[in-house]
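See below for the structure under consideration.
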Amino acid sequence: MSTSSFTLRYFNAAGIAETTRLLLTAANVEWADEHPEWPAEKPKQPFGRLPVLIQKSAANETDLVISESVTIERYLARTYGFLPADPRKAALQEQIRDRLTDISIAFDVQRLASDDKKEESVDKFKDLLKRQIEASSKALRDNGNNGHFFGSELTYVDIATYAFFKRMVISVRDAQESISDLVKASLTPELHKLIAVVEASPRLAAQVDKAEKLVSVLSA
């Protein structure tokens, strides 16, 4: 086990920090959630944003403070072996993860769009989602449809994809049920398999068991 410990500053919600929580759990490191008073503590954050990851040494001294969710994810994924050391192989995972960011941005745009822009922004979200699901399903099939994008072990993109769809189905359900239902209906057998495999991983159980299971929602 690593001698480092971590504090993850974020809101008391899954949001865009869930992949980081899952990576910390899978890495079997000591870590804790911290929920700053917001917006009172906004000026204290590196860029006035959350999440923020704080890494401390074995002597409990702050070694590193970083912000931006995907930067945090990739730092942890590289540090604890969920991204390959080979930059070419890592890039194959990172491109899939970056597409999830594009869809998340499109989701926020359509959610906040004015009435005259709503249909156009929803259509863009749907198109990005459709393309991602098609590409992801093909990648999963090409890897033998074993519930992993690459190889047979848990990787960064497996975790990130699971967290993304959990957010799109569960976290947005109360705010925008139509989007939650759309995503549920769009998921392919290959993605159902990935979700089931990731959610059942013993390495993630300590975090996954804290909240509603995506597999249960999809099968309801």
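Predicted, not measured: the structure shown is a model, and the values here were computed from it. All residue numbers in this chain count up from 1 along the given sequence.
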Item checked: Derivation of the side chain to side chain contact (heavy atoms under 4.5 Å, CB included) call for D158 and F150 -> CA-CA 9 Å; D158 294 339; F150 301 95; 6.0 Å; no
Next item on the list: May I have the step-by-step check of side chain to side chain contact (heavy atoms under 4.5 Å, CB included) for L218 and K184, ending in yes or no?
Entry: CA-CA 7 Å; L218 295 177; K184 280 176 64 177; 3.8 Å; yes
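From L154, atom CG reaches atom CZ of R203 across 6.0 Å, with rounding to the nearest 0.5 Å. Summarising the geometry, atom CG belonging to L83 is positioned 8.5 Å from atom CG belonging to L23; distances are rounded to the nearest 0.5 Å. Distance check, rounded to the nearest 0.5 Å: OG of S201 to CD1 of I159 gives 7.5 Å. Note that the CD atom of E199 and the CG atom of L194 stand 10.5 Å from one another [nearest 0.5 Å].
Across T62, I66, L64, D63, a single residue satisfies side-chain contact (heavy atoms from CB on, under 4.5 Å) together with I54, and that is T62. Exactly one residue among Q207, K166, R167 makes a side chain to side chain donor-acceptor pair (under 3.5 Å) with E18. That residue is Q207.
Hydrophobic cluster membership differs between I170 and I16, with clusters built from Ile, Leu, Val, Met, Phe, Trp and Tyr side chains linked at under 4.5 angstrom. Linking Ile, Leu, Val, Met, Phe, Trp and Tyr residues whenever their side-chain heavy atoms come within less than 4.5 Å places V157 and V70 in a single cluster. Linking ILVMFWY residues whenever their side-chain heavy atoms come closer than 4.5 Å, directly or via other members, places F164 and V217 in the same cluster. Each of V109 and I103 belongs to its own hydrophobic cluster when Ile, Leu, Val, Met, Phe, Trp and Tyr are linked at side-chain heavy-atom distances under 4.5 angstrom. By the rule that hydrophobic residues join a cluster once side-chain heavy atoms approach within less than 4.5 Å of another member, Y10 and L24 end up as members of separate clusters.
Within a 6.0 Å radius of CZ in R131, other residues, nucleotides and ligands contribute 12 heavy atoms or fewer. Counting heavy-atom neighbours within 6.0 Å of R141 CZ, excluding the residue itself, gives a total above 12. The local environment of NZ in K89 is sparse, with at most 12 non-hydrogen atoms from other residues, nucleotides or ligands closer than 6.0 Å. Atom CD of E119 has 12 or fewer neighbouring heavy atoms from other residues, nucleotides or ligands inside a 6.0 Å radius. Residue-environment remark: CD (E153) stays at or below the threshold of 12 foreign heavy atoms within 6.0 Å.
Between L182 and F125 there is a side-chain heavy-atom pair separated by less than 4.5 Å. Between T161 and V198, the closest side-chain pair of non-hydrogen atoms is not below 4.5 Å. Counting only heavy atoms from C-beta outward, the side chains of Y80 and V29 approach each other to under 4.5 Å. Contact annotation: the side chain of F107 never approaches that of L129 to less than 4.5 Å [non-hydrogen atoms, C-beta and beyond]. L76 is listed as a side-chain neighbour of L53, based on a closest heavy-atom distance under 4.5 Å. Taking the side chain as every heavy atom from C-beta outward, K193 and L140 never approach each other to under 4.5 Å. Between D127 and D123 there is no side-chain heavy-atom pair separated by less than 4.5 Å. Between E73 and Y156, the closest side-chain pair of non-hydrogen atoms falls below 4.5 Å.
We find that E61 and K56 are not joined by a salt bridge, their nearest charged nitrogen and carboxylate oxygen being 4.0 Å or further apart. The pair R111-D108 meets the salt-bridge criterion, with a side-chain N (NZ, NE, NH1 or NH2) lying under 4.0 Å from an Asp/Glu carboxylate O. Look at K124 and E120 and you find no salt bridge, because none of the NZ, NE, NH1 or NH2 atoms lies under 4.0 Å from a carboxylate O. The pair R74-D98 counts as a salt bridge, with a side-chain nitrogen and a carboxylate oxygen less than 4.0 angstrom apart. Using a 4.0 Å cut-off between a side-chain N of Lys or Arg and a carboxylate O of Asp or Glu, E37 and K42 do not qualify as a salt bridge. A salt bridge does not link D33 with R9: none of the charged nitrogens is closer than 4.0 Å to a carboxylate oxygen.
Inspection of the Y75 and Q55 side chains reveals an N or O donor paired with an N or O acceptor under 3.5 Å. Checked by atom type, the side-chain pair R97/T101 shows a donor-acceptor distance below 3.5 Å. Between the side chains of Q176 and S178, not a single donor N or O lies within less than 3.5 Å of an accepting N or O. For the residue pair E34 and T7, no side-chain donor N or O sits within less than 3.5 Å of a side-chain acceptor on the partner.
Contact record, P46 with V65: CG-CG1, 3.9 Å, taken as the closest heavy-atom pair. Counting all heavy atoms, side chain and backbone alike, R21 lies closest to F11 at NH2-O, 3.4 Å. Of all heavy-atom pairs spanning I133 and T188, the tightest one is CG2-CG2, 3.7 Å. Closest of all the heavy-atom pairs between L22 and Y162 is CD1-CD2, 3.8 Å. Contact record, L191 with S137: CD1-OG, 4.1 Å, taken as the closest heavy-atom pair. Listed here is the closest heavy atom pair of S136 and I96: OG-CG2, 4.4 Å.
Here salt bridge (Lys or Arg N to Asp or Glu O under 4.0 Å) pairs that include residues 172-181, with residues two or more places apart or in two chains, are R173-E212.
At distances below 3.5 Å, at least one donor-acceptor pair connects side-chain atoms of K118 with backbone N or O atoms of Q110.
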